[in-house]
Visitor: 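Have a look at this one before I ask anything.
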Amino acid sequence: MTTTPKDILSKEYKWGFSTDVEADVAPKGLNEEIVRFISHKKQEPEWMLEWRLKAYRHWLTLKNEEPTWANVSYYHIDYQDVVYYAAPRKPGDGPKSLEEINPEVMEAFNKLGIPLGEQKRLAGIAVDAVFDSVSVATTYKETLEKQGIIFCSFSEALQKHPDLVKKYMGSVVPYTDNFFASLNAAVFSDGSFAYIPKGVRCPMELMTYFRINQADTGQFERTLIVAEEGSYVSYLEGCTAPTRKKHQLHAAVVELVALDGAEIKYSTLQNWYPGDVDGNGGVYNFVTKRGKAMKNSKISWTQVETGSAITWKYPSVILQGDNSIGEFYSVALVNNRQQADTGTKMIHMGKNTRSTIISKGISAGRGNQTYRGLVRVMPGAENARNYTQCDSLLIGEKCGAHTVPYIEVRNPTAQVEHEASTSKISDDQLFYVMQRGIAAEDAKFMIINGFCREIFKELPLEFAVEATQLLKVSLEGAVG
Amino acid sequence: MSNTIPILEVRDLHATVAGKEILKGISLTVRAGEVHAIMGPNGSGKSTFTHIVAGNPAFTVTSGQVLYKGKDLLTMSVDVRAKEGVFLGFQYPVEVPGVRTAQFLRTALNAIRTYRGQPEIEFKAFTQFLKEKSALVEMNQAMINRSVNEGFSGGEKKRNEILQMAILEPALTLLDEPDSGLDIDSLKIVANGVTQLRKPDNAIVLVTHYQRLLNYITPDFVHVLIDGRIVKSGRRELALELEAKGYEGFKKLTAAPA
């Protein structure tokens with residue numbers, strides 16, 4: 001990605017365009033009929049509909065249990081004022097080939113830098129492109145299939161691999177898990193499914209790109225990744241949305257299953273529309289992400305959260321198997337009126353389990369963020385180890401950063417370390433960098449980038465470059 | 001006296017920090033090819049002087065002029081001064097966590113080159129250039145791959161300053177106590193580096209407490225700075241006189257500025 005000074009100077013959210021595309025849209029509101037409508041649209045098996053309905057009925061019992069403990073504030077969400085299904089209309093039923101994809105949608109992904117066409121597709125990255133409620137295309141499918149790797153939309157997985165979906169779906173995040181996870185289970189529309197067979201090292205990055213387009217539409221995607229014994233996969237997730245005056249709801253669920261000796265590396269660049277300077281519009285991002293790590297396996301979450309008006313997200317690892325490893329690397333940035341309450345949960349159950357948490361928070365403008373993390377060592381987790389480091393960088397006088405660690409240790413052999421720091425860009429640092437010929441704004445970005453380096457180096461190269469650019473654009477105006 | 005425009009011309013410079021006057025009327029002319037040493041006791045204003053020329057916003061210039069190649073330096077921002085060719089070697093080099101030294105220097109060099117209308121230096125060419133220059137101050141690859149000054153020893157930090165000077169090739173280098181905190185081996189490395197970077201078309205102003213450094217970097221002029229004023233200027237010999245007499249002998253001169 002190249003960025004010209006002009007790009008950097010334009011204070012617009014540059015992914016804010018919307019695409020004029022004919023769409024099948026469900027009426028606003030949520031009831032059993034809508035749940036049935038979505039299931040029917042997707043021609044789902046009966047058991048899937050039953051599961052959705054159970055989730056919906058459970059969600060109804062949670063009506064008064066929308067979480068309020070997070071350090072974020074927003075007006076009450078009217079769940080009857082949301083569209084739960086929107087799909088770009090296309091000539092046939094289901095995208096059988098690229099020619100059948102709505103050209104406006106193809107163009108939208110081109111603009112986002114995610115070309116889907118055979119000739120232009122990204123090298124070394126297989127992409128599943130999700131537009132509003134449906135997956136419109138998945139690249140490199142055939143290449144992957146040769147190794148037995150399944151990478152497709154969730155809807156397609158339900159048709160073609162129902163047994164796998166049935167076996168693992170809800171095994172990490174049950175539909176009763178929390179308010180937003182229940183809502184997602186009832187109305188989820190699409191998302192990605194990946195399955196890596198035993199002993200296979202996935203030869204390319206798998207990526208899902210989520211795009212919200214329709215106004216007043218919620219996006220409720222569900223992603224399930226299953227890594228069989230001894231397999232490896234690196235998965236990337238990117239997201240953007242048009243600039244809209246009203247808030248949009250995004251409530252996703254991601255489940256990872258790493259079986260014995262498997263490794264899953266999950267990287268996110270979250271860049272949903274953050275709202276304007278005064279906090280109008282922007283995506284409410286309420287996401288449940290969790291992985292289950294079996295014996296000798298490893299799950300690593302890396303996230304760069306720069307978008308959304310509100311982020312509520314705690315990618316977690318249940319370290320169930322002995323010797324399993326959980327990692328959480330995070331950069332969260334809030335500017336203007338953005339709010340983020342994000343962190344992780346590391347649940348140590350197996351012996352010799354290890355977890356590492358490195359969280360970097362950047363607050364600018366009137367942004368406010370909280371790191372919230374739980375490290376729990378269960379009685380059976382002999383010799384569990386955790387290292388947590390939370391660093392906050394404040395830019396300006398009106399932002400906030402908070403750290404809320406929860407540590408619960410029920411085994412005396414555990415070693416849990418927690419370090420936290422809060423800093424500002426010092427005048428000395430700035431003078432030093434500028435004295436070498438680097439202009440003020442670039443000097444600040446350089447220092448901020450340095451602050452994030454520990455996290456960025458965990459990202460695949462292309463993503464790391466994009467993350468750097470994202471940071472720059474997101475901080476526009478805050479470091480002038 | 002040559003007729004060419006001096007690299008640095010300071011006229012009756014007064015400056016304060018937090019309301020307190022630190023510089024009380026400094027005048028100094030530095031021409032291409034010259035090395036000037038400014039000596040003086042603690043708190044005399046030596047470091048302040050270098051920081052003001054470089055544009056540190058912590059200090060306020062209350063009157064006087066600073067011309068660089070005939071241009072008014074005081075109206076330029078810190079980075080523009082650097083781009084014009086002013087370099088400050090810090091007494092206490094600052095750590096920049098997470099920013100690798102090599103990347104830092106390439107970014108700086110390219111910012112300067114862009115300002116001068118030169119093309120940016122390619123990654124490969126820069127790596128080679130950096131390698132050559134690091135040999136000058138005996139810095140190895142491992143140090144260059146570390147974050148800027150992070151975890152560096154005192155001596156390593158000082159060598160890193162000279163490396164940066166070598167890379168950025170300034171016309172005017174201000175070295176603020178390049179010898180402080182150095183053992184004799186490091187001192188020789190730093191001094192040797194500076195001497196090799198001495199060119200007919202550049203100038204160096206170095207600030208030090210001790211005559212010792214001047215055994216390795218021979219200055220053309222020596223200035224004694226006491227209480228914000230240059231009380232005496234002379235040739236190399238002045239430093240030796242200073243060593244013999246101590247600053248006490250010069251303090252009486254502060255009452256009657258030149």
Side-chain angles (χ1 to χ4, degrees), chain A residues 2-5 8 304 329-331 333 358-362 389-393 419 421-459 461 464-465 467-469 471-472 479-480, chain B residues 50-59 76-101 103-116 118 146-150 157 160-161 163-165 167-170 172-174 176:
Chain A
T2 54
T3 306
T4 65
I8 295 165
V304 176
Y329 300 104
S330 170
V331 167
L333 178 149
I358 301 186
S359 163
K360 304 274 184 178
I362 302 165
Q389 182 189 328
C390 296
D391 299 322
S392 304
L393 185 69
E419 289 181 23
S421 76
T422 302
S423 57
K424 290 190 160 195
I425 297 175
S426 78
D427 292 343
D428 285 351
Q429 253 180 351
L430 196 59
F431 175 57
Y432 186 76
V433 175
M434 286 178 71
Q435 211 297 308
R436 298 312 184 232
I438 298 167
E441 202 173 350
D442 294 339
K444 286 177 188 167
F445 283 130
M446 180 181 254
I447 294 164
I448 294 164
N449 246 317
F451 175 77
C452 301
R453 177 159 172 243
E454 267 179 285
I455 309 303
F456 287 175
K457 74 179 166 57
E458 296 296 329
L459 292 169
L461 188 65
V465 172
T468 305
Q469 297 296 346
L471 213 61
K472 214 167 195 175
V479 300
Chain B
T50 60
H51 277 254
I52 285 174
V53 174
N56 190 334
F59 303 97
M76 296 180 199
S77 64
V78 176
D79 62 298
V80 170
R81 294 183 202 205
K83 285 164 177 149
E84 287 282 343
V86 177
F87 179 89
L88 171 61
F90 285 62
Q91 182 183 2
Y92 303 109
V94 182
E95 296 183 3
V96 192
V99 178
R100 291 192 314 118
T101 305
Q103 179 207 338
F104 176 64
L105 282 176
R106 192 160 82 96
T107 307
L109 181 60
N110 281 334
I112 291 172
R113 290 176 68 97
T114 304
Y115 178 80
R116 295 178 185 167
Q118 297 164 328
R146 296 214 308 255
S147 295
V148 178
N149 295 322
E150 203 181 29
K157 283 184 182 172
N160 193 16
E161 293 297 287
L163 170 66
Q164 297 182 42
M165 172 187 172
I167 294 289
L168 303 179
E169 300 175 324
L172 174 66
T173 298
L174 307 148
D176 187 8

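What you see below is based on every heavy atom in this structure, not just the backbone, and it leaves out hydrogens, waters and symmetry mates. Reminder, nothing fancy here: chain letters follow the sequence lines and each chain counts from 1.
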Visitor: If I measure from the heavy atoms of chain A, does B/V80 come under 4.5 Å with its side chain, its backbone, both, or neither?
Guide: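 Contact with chain A involves no heavy atom of B/V80 at all.
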Visitor: Tell me, do B/V94 and A/F431 make a side-chain contact under 4.5 Å, heavy atoms counted?
Guide: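 Side-chain contact under 4.5 Å: no.
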Visitor: So, using side-chain hydrogen bond (donor to acceptor under 3.5 Å, both in side chains) as the criterion, who are the partners of A/S330 when residues are at least two apart?
Guide: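 Testing A/S330 for side-chain hydrogen bond (donor to acceptor under 3.5 Å, both in side chains), a comparison that skips the adjacent residues, returns A/Q303.
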Visitor: Nearest 0.5 angstrom please: B/L174 CG to B/F87 CZ, how far?
Guide: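 It comes to 9.5 Å.
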Visitor: Could you check whether any side-chain heavy atom of B/L105 comes within less than 4.5 Å of a side-chain heavy atom of B/L163, counting everything from C-beta outward?
Guide: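 Yes, close enough: below the 4.5 Å cut-off.
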Visitor: Does A/L430 reach the side chain of B/P57, with side-chain heavy atoms less than 4.5 Å apart?
Guide: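 Result no, sub-4.5 Å side-chain heavy-atom pair not found.
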Visitor: Does a side-chain heavy-atom distance below 4.5 Å link A/V433 with B/F104?
Guide: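 Yes, their side chains come closer than 4.5 Å.
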Visitor: Counting only heavy atoms closer than 4.5 Å, note whether B/L88 contacts chain A via side chain, backbone, both or neither.
Guide: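 Contact with chain A involves both backbone and side-chain atoms of B/L88.
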Visitor: What would the table of donor-acceptor pairs between chain A and chain B look like if you include every N and O pair under 3.5 Å, whether backbone or side chain?
Guide:
{"residue": "A/Q429", "atom": "NE2", "partner": "B/E95", "partner atom": "O", "Å": "3.1"}
{"residue": "A/Y432", "atom": "OH", "partner": "B/N149", "partner atom": "ND2", "Å": "3.1"}
{"residue": "A/Y432", "atom": "OH", "partner": "B/E161", "partner atom": "OE2", "Å": "2.4"}
{"residue": "A/Y432", "atom": "OH", "partner": "B/Q164", "partner atom": "NE2", "Å": "3.0"}
{"residue": "A/Q435", "atom": "OE1", "partner": "B/L88", "partner atom": "N", "Å": "3.0"}
{"residue": "A/Q435", "atom": "NE2", "partner": "B/V86", "partner atom": "O", "Å": "3.0"}
{"residue": "A/R436", "atom": "NE", "partner": "B/Q164", "partner atom": "OE1", "Å": "2.5"}
{"residue": "A/R436", "atom": "NH1", "partner": "B/L88", "partner atom": "O", "Å": "2.8"}
{"residue": "A/R436", "atom": "NH2", "partner": "B/L88", "partner atom": "O", "Å": "3.3"}
{"residue": "A/R436", "atom": "NH2", "partner": "B/E161", "partner atom": "OE1", "Å": "2.6"}
{"residue": "A/R436", "atom": "NH2", "partner": "B/E161", "partner atom": "OE2", "Å": "3.4"}
{"residue": "A/G437", "atom": "O", "partner": "B/K83", "partner atom": "NZ", "Å": "3.4"}

Visitor: Where does B/P93 contact chain A at under 4.5 Å (heavy atoms): side chain, backbone, both or neither?
Guide: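 Contact with chain A is through both the backbone and side chain of B/P93.
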Visitor: Can you tell if the side chain of A/L333 reaches within under 4.5 Å of the side chain of A/I448, non-hydrogen atoms only?
Guide: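 No, too far: nothing below the 4.5 Å cut-off.
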